Novice: 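Okay, handing you the structure first.
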Amino acid sequence: MDLALLRTFVTVHRAGSFTRAAALLGLSQPAVTSQIRTLERQLGRPLFLRKARGVTPTSVGDELAHRAAPHLDALVEIAEGGLEVEAPLRSLHLAGPPEFMAERVLPALVGMTGSEGPAVRLRTSFGSTDDVLEGLAAGHHDLAVATRRPRGTLLSAGTLCDEEHLLVAGARWAGRFAPGAVRRGGPGALAKVPVIDVHESLPFARRYWTTVFDAPPPEHAALVAPDLRAVLSCVVSGAGLAVLPRYLCEDALLRGELVTLLEPPVPPLRTYFVAVRAGTQALPHIATAHEWLLRAAVAWG
C-alpha cells in the first residue's frame with residue numbers, strides 16, 4: 001500500500017474535509033479526492049461518507065485511521081530527526097486555553113526544556129476547546145488541554161483537574177453588601193452591580209447563575225474582555241463583579257483586592273482534560289509531558 005495514499009487518508013480523516021486536507025498537504029482538492037478513491041478501490045471498501053459540508057469516516061475508515069495514524073506519526077518523527085547518532089531534539093507542540101496554559105500548564109512543563117540547554121523545545125498555541133481539539137486531530141499539536149472530552153477514537157483523553165469558579169468583586173463593590181446579603185437575596189441582590197465576562201454570551205456568569213441561583217443570567221455584560229486575566233484586572237480595579245477560577249484570583253483574594261460574594265455549598269466546577277492523538281502517547285516527549293501534567297495537577301488540588 002502506497003504510504004502517500006495513507007498520509008492523504010489520515011489527513012482527510014483528521015481534517016474532516018477534502019478541502020481542508022488539500023490545504024494542509026499543499027495539494028489540489030481533485031488530487032486529494034483522486035488519492036482517496038484510489039485507496040478505496042485498493043481496499044474494496046468506502047472510507048468516507050460525503051456530506052454537504054465535509055466528510056464522515058465509515059467504520060472501516062475509523063479502523064484504518066486508528067491503526068495507521070500512530071505509525072505514520074512515528075515515521076514523521078524519524079524523518080524529522082534524520083539519522084544523527086545522537087537523539088534529535090524534539091519539539092512538543094501544546095495547545096489550550098490561554099489563561100490555564102499560562103498559569104498552570106507551562107509552569108508545570110518548563111523543566112522539560114532542560115537546565116543546561118533544551119531537552120525539548122516547547123511550542124504553544126492558544127485557543128478554544130473546539131479549536132485546539134481540531135488542531136490536535138489535524139496533527140498541528142501533540143498535546144491539548146480541553147474543557148470537554150473529545151469524541152471518537154482518533155483522540156484519547158484523561159481527566160486532568162477540576163477548576164472551581166468563584167463569584168468575586170473588588171472591595172469597592174463588595175463593601176456595599178451586608179454579610180449574607182447575596183445568600184439571602186440571590187441574584188436580585190446583584191442587580192445593580194456591573195458584570196464582566198469573556199464573551200457577550202456571558203459563559204462564566206451564565207453557568208454560575210444557572211447552577212448556583214437556578215436563575216437566568218444577567219441580560220448583558222458591562223464589560224467584555226476575551227481573556228480571564230484581563231477580567232481579573234478589571235474586577236480588581238473596581239469595574240464590577242465576575243465569575244473567575246479560584247486558581248486565577250486566589251492571590252488577589254489573599255491580598256484583599258477581591259472578595260467572594262457567595263460561598264455556595266457546592267461551587268460550580270469546570271473539568272479539564274489532557275488529550276493526545278491515539279497511539280502517540282507512547283512517544284517519549286509526549287509521555288513525559290503527560291506524566292508531568294498529571295503529577296502537577298495533584299498539587300493544584
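Start at 1 with the first residue, then count along the sequence. As the structure is a computational prediction, the values presented were derived from the model and not from experiment.
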Novice: Begin with the C-alpha distance, continue with both residues' side-chain angles, and end with the deciding distance and a verdict on side-chain hydrogen bond (donor to acceptor under 3.5 Å, both in side chains) for S128 and D131.
Specialist: CA-CA 5 Å; S128 67; D131 290 339; 3.1 Å; yes
Novice: Under the side chain to side chain contact (heavy atoms under 4.5 Å, CB included) test against L241, which residue among V235, I196, L190 passes?
Specialist: L190
Novice: How about R151: does its CZ atom have over 12 heavy atoms from other parts shown lying under 6.0 Å from it?
Specialist: no
Novice: Mark yes or no for whether R207, through its side chain, and L269, through its backbone, hold a donor-acceptor pair below 3.5 Å.
Specialist: yes
Novice: If you count every heavy atom of other residues, nucleotides or ligands that lies below 6.0 Å from R45 atom CZ, does the total exceed 12?
Specialist: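 No - once you tally the heavy atoms of other residues, nucleotides and ligands closer than 6.0 Å, there are 12 at most.
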Novice: Is it the case that the side chain of T113 and the backbone of V110 share a donor-acceptor pair, with hydrogens and angles ignored and the cut-off at 3.5 Å?
Specialist: yes
Novice: Return the OG1 to CG distance between T56 and L47, rounded to the nearest 0.5 Å.
Specialist: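 With rounding to 0.5 Å, OG1 (T56) is 13.0 Å from CG (L47).
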Novice: Is it true that R270 and Y272 share a donor-acceptor pair across their side chains at a distance under 3.5 Å?
Specialist: yes
Novice: Check step by step if ring-ring contact (aromatic ring centres under 6.0 Å, His included) holds for F204 and W209.
Specialist: CA-CA 9 Å; F204 283 82; W209 258 247; over 10 Å; no
Novice: How many angstroms lie between OG1 in T124 and CG in L143, if you round to the nearest 0.5 Å?
Specialist: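 T124 atom OG1 to L143 atom CG measures 10.5 Å (nearest 0.5 Å).
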Novice: Checking the side chain of R246 only, and the main-chain atoms of H165 only, is there a donor and an acceptor separated by less than 3.5 Å?
Specialist: no
Novice: Using the ring pair (Phe, Tyr, Trp, His ring centres under 6.0 Å) rule, collect all pairs that involve residues 136-160, keeping only residues at least two apart or in two chains.
Specialist: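 Listed by first then second residue: nothing to list.
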Novice: Is there a salt bridge (Lys or Arg N to Asp or Glu O under 4.0 Å) between E40 and R50? Walk through the geometry before answering.
Specialist: CA-CA 13 Å; E40 288 177 327; R50 279 69 169 175; 3.3 Å; yes
Novice: With a 3.5 Å cut-off and no angle check, do the side chains of E103 and Y247 form a donor-acceptor pair?
Specialist: no
Novice: Answer yes or no: is there a donor N or O on one side and an acceptor on the other, between the side chain of R206 and the main chain of S201, under 3.5 Å?
Specialist: yes
Novice: Is V259 reachable from L244 through a run of I, L, V, M, F, W or Y residues, each pair having side-chain heavy atoms under 4.5 Å apart?
Specialist: no
Novice: Would T159 and T271 satisfy side chain to side chain contact (heavy atoms under 4.5 Å, CB included), going step by step from the backbone distance to the final call?
Specialist: CA-CA 7 Å; T159 302; T271 301; 3.8 Å; yes
Novice: Can you tell me if T58 uses its side chain to pair, donor with acceptor, with the backbone of P46 under 3.5 Å?
Specialist: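 Side chain of T58 to backbone of P46, a donor-acceptor pair under 3.5 Å: yes, one is there.
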Novice: Are the side chain of T280 and the backbone of R277 linked by a donor-acceptor contact shorter than 3.5 Å?
Specialist: yes
Novice: Could you report the tightest heavy-atom contact between R67 and H71, atom names first, then the distance?
Specialist: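 For R67 and H71, the tightest heavy-atom pair comes out as O-CD2, 2.9 Å.
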Novice: Restricting to non-hydrogen atoms, name the atom on L160 and the atom on A297 that form the minimum distance, rounded to 0.1 Å.
Specialist: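 Here L160 and A297 meet closest at O-CB, 3.3 Å.
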Novice: For the residue pair F48 and H13, categorise the inter-ring angle as parallel (less than 30°), tilted (30 to 60°) or perpendicular (more than 60°).
Specialist: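 Because their plane-to-plane angle lies in the 30° to 60° range, the rings of F48 and H13 count as tilted.
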Novice: Test your reading of the model: is there a side-chain donor-acceptor pair from D142 to the backbone of H93, 3.5 Å cut-off?
Specialist: yes
Novice: Tell me whether W173 contacts the main-chain N or O of V193 through its side chain, where contact means a donor paired with an acceptor under 3.5 Å.
Specialist: no
Novice: Is the side chain of R183 donor-acceptor paired with the backbone N or O of L262 at a distance under 3.5 Å, no angle test?
Specialist: no
Novice: As a test of understanding, state which of Q42, R41, Q35 forms a side-chain hydrogen bond (donor to acceptor under 3.5 Å, both in side chains) with T38.
Specialist: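 The single option meeting the side-chain hydrogen bond (donor to acceptor under 3.5 Å, both in side chains) with T38 is R41.
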Novice: Run the salt-bridge test on E163 and R104 with the 4.0 Å N-O cut-off and return the result as yes or no.
Specialist: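 Not counted as a salt bridge, because no side-chain N and carboxylate O are separated by less than 4.0 Å.
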Novice: Applying side chain to side chain contact (heavy atoms under 4.5 Å, CB included) between V243 and each of L167, V231, L166, report the one that passes.
Specialist: L167
Novice: So, T33 side chain and Q29 main chain: donor-acceptor pair closer than 3.5 Å or not?
Specialist: yes
Novice: Between CZ of R149 and CG of L155, what distance do you get to the nearest 0.5 Å?
Specialist: 12.0 Å
Novice: Going through the distances and angles, do M101 and L94 end up as a side chain to side chain contact (heavy atoms under 4.5 Å, CB included)?
Specialist: CA-CA 9 Å; M101 294 292 287; L94 312 167; 3.7 Å; yes
Novice: Quiz question: by atom type and distance under 3.5 Å, do the side chains of T11 and R14 form a donor-acceptor pair?
Specialist: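 R14 and T11 do not have a side-chain donor-acceptor pair below 3.5 Å.
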Novice: With side chain to side chain contact (heavy atoms under 4.5 Å, CB included) as the criterion, how do V198 and D227 come out once you've worked through the C-alpha distance, each side chain's angles and the decisive distance to 0.1 Å?
Specialist: CA-CA 6 Å; V198 296; D227 187 300; over 6 Å; no
